[in-house]
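Labels below follow one simple rule: chain letters A, B, ... track the order of the sequence lines, proteins then strands, and each chain is numbered from 1.
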Amino acid sequence: MIKKSIIVFTAVFALYNLLLHWLSPETFIPQNIKQDNVIKVQEYIYSDLPKEKVILGSSLAAKLDKDMLAKSGFFNLAFRGQSVYDGLKIISKSNVTPKIIFIEINVLTRHPSITLEDLWFEPAVVQIKKALPALKERNQPVNNLLLAIQICLKSLREENNNVTIAEDEKTINKPKESQSQIVFENSYINKRIAEYQNLPNDSSMKILIASLKQDILNLESKGVKIVFFEMPMHPKICESPRLNAIREIIRLNFPREKYAHYPPVDCQAYKTRDGIHLASESVPIYTKFFINQSEEYQ
Amino acid sequence: MLFNSYIYVCLVCLTFAFYYMPIFKKFQIHILIIASFIFYAYSQLTLLLLLTFSAFVNIITSYYISYGNRAYRKFYATLGVIINLGVLAFFKYSPLIAQTLFRQTDSIAEFLLSIPLPVGISFYTFQGISLMIDVYRSDKIAAYRDLVAPDLWVHAKKTMFFIVFFPQLVAGPVVKAHDFIPQISAKCFKDINWEAAFKSLIIGYFLKMVIADNIKEQTLYMSFPYFESQHSAVLIMMLFGYSMQIFSDFAGYSLIAIGTAHLFGYKLMTNFNFPYIASSFSEFWRRWHISLSSFLKEYLYIPLGGNRRGEARTYINLLITMFLGGLWHGAAWSYAVWGTFHGGALAVERFLKTYIKLPDNKFTIFFQSLFVFFSVTLFWLLFRLPEFSHAVKYVLSIAKNTSYQIRDEHKAIIGTVLLYSVPVWLYHWYYLHRDRLQFLQKYEYIAYGVLLFFILTNSGTPGEFIYFQF
């Protein structure tokens with residue numbers, strides 16, 4: 001019984017790998033935030049995607065439009081729930097060095113939290129994951145099932161309506177929020193605004209900035225260009241003491257004379273969902289601006 | 001050390017290799033004890049001392065119960081039980097005592113809050129209690145007389161092994177002395193029950209790595225205050241998902257422990273027997289965490305009088321047993337409330353059964369099972385949200401968030417929870433219809449092959465077993 005089970009497993013595993021090689025799905029649907037982050041790490045280490053222009057940051061920068069960035073040759077290594085420092089760790093451990101790195105400054109107060117296994121970066125493991133795509137997180141059977149369901153539903157909807165549903169129409173026609181939900185979300189935004197009135201912890205920031213400086217020095221020694229940018233947030237958070245303090249720390253440690261910086265962000269021009277993350281209608285607008293502005297530094 | 005980590009697999013493989021080498025045949029128990037120490041010390045090196053201390057207390061007191069002055073047998077047994085309970089109370093319930101009896105700024109409260117919680121303490125202290133009581137009862141139960149070897153060194157070895165055996169050390173099954181110690185003997189490679197080990201390990205790892213570890217990323221949003229912004233349907237689905245998660249996590253762990261024990265020639269008791277098909281609360285407790293419920297029944301409920309002292313006393317005994325059983329799960333009053341809910345449900349069920357006879361047909365059983373499942377699922381909220389006020393807010397949010405927007409990410413939560421619940425329901429459904437589906441047994445290797453495929457390709461990000469916190 002055990003032998004037969006192992007034979008069945010081997011057959012199913014081989015078939016699935018062959019299917020993945022044949023189909024080579026470009027898109028994927030992560031099941032959750034953690035998996036999305038792991039997929040990003042694996043894509044960075046194991047895929048042949050272009051990695052000359054890399055974005056590092058938190059869930060704020062992770063919101064940038066994936067397709068628009070991919071068309072322009074960006075690799076978004078911003079992790080939801082994590083920070084710039086996690087992305088820097090990945091880059092330093094891997095053999096892939098970008099030409100230019102865009103660093104989000106909004107959440108520089110968050111310490112790194114990713115646990116990296118040295119095994120992930122071993123050349124043999126890299127080759128195995130490339131040869132056996134079934135072992136990559138993005139190719140989990142459930143991810144591909146969700147992708148297949150999404151494609152089927154989309155084509156069924158388009159068949160029924162006889163039109164292709166444009167992305168902006170989807171945004172305009174989405175169900176409206178109820179009054180009680182609006183009240184709740186406003187109170188949530190107010191809590192966030194209140195949080196941002198607190199200055200960052202001095203000693204903690206010293207440690208983080210020292211580590212950032214060291215990482216940047218190492219990258220610059222390999223010929224990498226560094227550009228700092230800021231994601232739009234709620235106007236009141238944009239003008240908050242915490243964000244002003246972070247800007248000042250960046251100005252002192254990474255002056256504009258020596259480092260490239262995006263121009264100050266106009267927070268009034270964008271909408272956020274919860275005070276800090278861009279709303280879906282503002283994502284393509286800011287992503288377009290981000291890509292256009294990046295041309296100046298390349 | 002997690003069961004689904006490379007280091008654990010290496011430990012098991014190395015231990016297995018040495019264990020069955022002919023030159024080490026006389027040292028099999030020593031090898032398992034050393035492996036168990038490594039297993040425990042990996043996560044809590046300093047608290048290995050406590051584990052060893054606990055084992056020594058059990059060795060000495062149980063030896064004295066058997067071979068000491070007979071006039072003091074009860075005294076030694078009582079002392080052994082009190083020390084075990086004392087260790088458990090001190091290390092596990094200090095924070096609860098601090099929060100209940102003292103202000104947080106009091107120095108005694110600060111001290112009590114700083115006491116670390118040793119992993120597995122609820123399990124190995126209970127095993128020590130089982131040993132004390134079984135040895136004490138050996139004058140009335142002949143089968144228990146061999147639990148304590150006359151040679152102190154042999155007894156010390158066997159008891160140490162019984163307490164620290166790594167598959168069940170940190171999250172059970174709770175092993176009783178009279179079930180385990182008689183099994184201790186030299187084991188041969190040819191006697192390994194490979195099929196039983198393979199099946200337990202595959203189903204165990206599937207439930208833990210594929211089901212529990214994936215669902216947990218969706219039930220993350222059950223935390224306060226995130227749940228306050230979710231639609232009622234999402235809240236209900238997450239609660240349902242948590243019910244699947246806790247079963248898969250715990251049953252998975254138990255099966256991995258059972259499968260690993262098989263590799264070394266030891267049989268641990270079945271800990272979960274398809275609990276979500278139960279059509280009554282008493283049946284649920286005969287199917288869920290069987291090792292704990294049978295322990296509580298044998299060492300607490302029956303000594304309290306069980307159902308032998310009249311109806312009113314039976315209900316009180318049920319409430320006490322389940323209250324303490326709930327509190328065993330964690331140092332928070334919400335666990336005691338959870339236990340009391342179950343005790344109350346058992347008592348009410350018992351009372352109603354005396355006066356109401358429901359028709360015994362498929363529909364009645366089906367609706368009863370649904371009722372038990374929904375009640376148990378609702379009670380699990382106290383596990384997920386030990387802060388009682390948060391649990392109340394969650395229920396209130398279900399009632400009032402009916403007009404909230406369901407965003408795409410919420411639909412993803414609902415879809416993913418439903419998808420990962422399917423195998424759990426299939427598992428229960430197959431068990432219910434196993435007589436009619438016997439013809440499928442010859443194809444079960446296909447199922448195990450596919451499960452192994454999903455373990456390798458569809459595991460969630462590793463997380464600790466939920467019951468590690470107990």
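For A:Ile29, no part lies under 4.5 angstrom from a heavy atom of chain B. For A:Val38, the part lying under 4.5 angstrom from a heavy atom of chain B is the side chain only. Within the 4.5 angstrom heavy-atom criterion, only side-chain atoms of B:Phe198, from C-beta onward, approach chain A. For a residue to count as touching a neighbouring chain, one of its non-hydrogen atoms must lie under 4.5 Å from one of that chain's; by this rule B:Thr457 touches chain A with backbone and side chain alike. For A:Ile33, the part lying near chain B is the side chain, with the backbone staying farther off; criterion is any non-hydrogen pair under 4.5 Å. Only the side chain of B:Tyr221 has a heavy atom closer than 4.5 Å to any heavy atom of chain A. Heavy-atom distances place both the backbone and the side chain of B:Leu452 under 4.5 Å from chain A.
Among B:Glu195, B:Glu228, B:Lys199, the residue with the largest count of heavy-atom pairs under 4.5 Å with chain A is B:Glu228. Contact count versus chain B (heavy atoms, under 4.5 Å) is highest, among A:Pro141, A:Ala11, A:Ala134, for A:Pro141.
Atom NZ of A:Lys271 sits in a sparse spot, with 12 or fewer heavy atoms from other residues, nucleotides or ligands closer than 6.0 Å.
Side chains of A:Gln140 and A:Gln35: a donor-acceptor N/O pair is present below 3.5 angstrom, by distance only. Between the side chains of B:Tyr8 and B:Thr260, at least one donor N or O lies within less than 3.5 Å of an accepting N or O. Between the side chains of B:Glu217 and A:Gln31, no donor-acceptor pair is found at a separation under 3.5 Å.
The backbone N or O of B:Thr461 lies less than 3.5 Å from a partner atom in the side chain of B:Lys216, making a donor-acceptor pair.
Note that the CG atom of A:Asp36 and the OG atom of A:Ser59 stand 11.0 Å from one another [nearest 0.5 Å].
Taking the charged nitrogens against the carboxylate oxygens, A:Arg242 and A:Glu195 have no contact shorter than 4.0 Å, which rules out a salt bridge.
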